[in-house]
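One-based numbering, in listed order, for ligands and for the atoms of each.
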Amino acid sequence: MTPPPRYTLQPYKGMWSRYTCPQCLRHKVFSRYIDIATDEPIADDVGRCSREVNCGYHYKPSEYFSKHGKSIDDRPSTMDYRPLTYRDFEPSYLPKRVIGQTVKHYEQNNFVRYLVAKFGREVAYAQAQLYLVGTSKHWPGACIFWQVDKANRVRTGKIMLYNPETGKRVKQPFNHIAWAHSLVGSKNKEAGQRHSDFNLKQCLFGEHLLQYQPAKAVAICESEKTAIIASVHYPELLWLAAGSLQGLNAGKCKCLEGRTVILMPDVNAYDLWVNKAAQLSAGLPSVTFKVMRLLENIATPQQKTEGWDLADYL
Ligand SMILES: [Zn+2]
């Protein structure tokens, strides 16, 4: 058996595991490479920026070692090989009651108010309930996109704030994004449980819907908002969201076995998604992946500069 590579991008365990990108200087977008034997980073700037399209910074361990005149020691010795822990296996789950407690009060939910203006109350509320969109008190008007897997287990919830008129995310004076498992974790901290004990394994947004539509073709886009809006316009597909391009990996796509899956990249991201589809196909031979070129073909130069997604057109 070949041991895994010695260096890996630090798995996402909450915002504390993401750093400021040395190139674009955005906060909380940078993942460092760590030594799996020790969990230590190689250096502060060796890692990858999540803004693949708009930044693209990726300093690999092999480049770092060749720049410093060392050959990369990429195989952990048996002595320092980190033993597997519970973290490598079982994900943590949030209690199911968080769904019932939050999937309501839509009149205070900016994102749902935007949907109401677009589709009317009946359709907007039905969509929000179908996708388990919650209302959060974390910021006034905030919503929660719960990630519930196909066995109905709650992995986490992504809390975001939208402008109710434009439907755009509020990114000033800071990017309004928070995670339900971190908030629950910080409460548990007082009870003596460490926040980092939560073993976060994200799933696709909307994954819980797969069980009700066993034969339907699936469409995957980046944002939760796009999935919800597109499912009104194109109900012949089951729309899910990856959260981000890096959010799409073989682990998350295992639930799609046996399906036809259409990937819907944002404008500018077509080539990245084609590469991603090839990687995923290799790991999941029972899934037929197709990448949609629609937006790339119809986007104007200005829309390309702005990186539009499908929801901007609908
Ligand atoms: Zn960057």
Between Lys290 and Thr260, is there a donor-acceptor pair closer than 3.5 Å when you use the side chain of the first and the backbone of the second? no

Following the transitive rule for hydrophobic clusters with a side-chain heavy-atom cut-off under 4.5 Å over Ile, Leu, Val, Met, Phe, Trp and Tyr, establish whether Val46 and Leu25 coincide in one cluster. no

As a test of understanding, state which of Gln10, Arg18, Arg48 forms a side-chain hydrogen bond (donor to acceptor under 3.5 Å, both in side chains) with Ser31. Arg18

Can you sort out the partners of His27 under ring-ring contact (aromatic ring centres under 6.0 Å, His included), two or more places apart, ordered by chain and number? none

Less than 6.0 angstrom separating the ring centers of Trp179 and Tyr12, yes or no? yes

Do any protein N, O or S atoms sit under 2.8 Å from the Zn ion (ligand 1), and which ones are they? Cys21 SG, Cys24 SG, Cys49 SG, Cys55 SG

Check whether Lys225 reaches the backbone of Lys168 with its side chain - one donor and one acceptor, N or O, closer than 3.5 Å. no

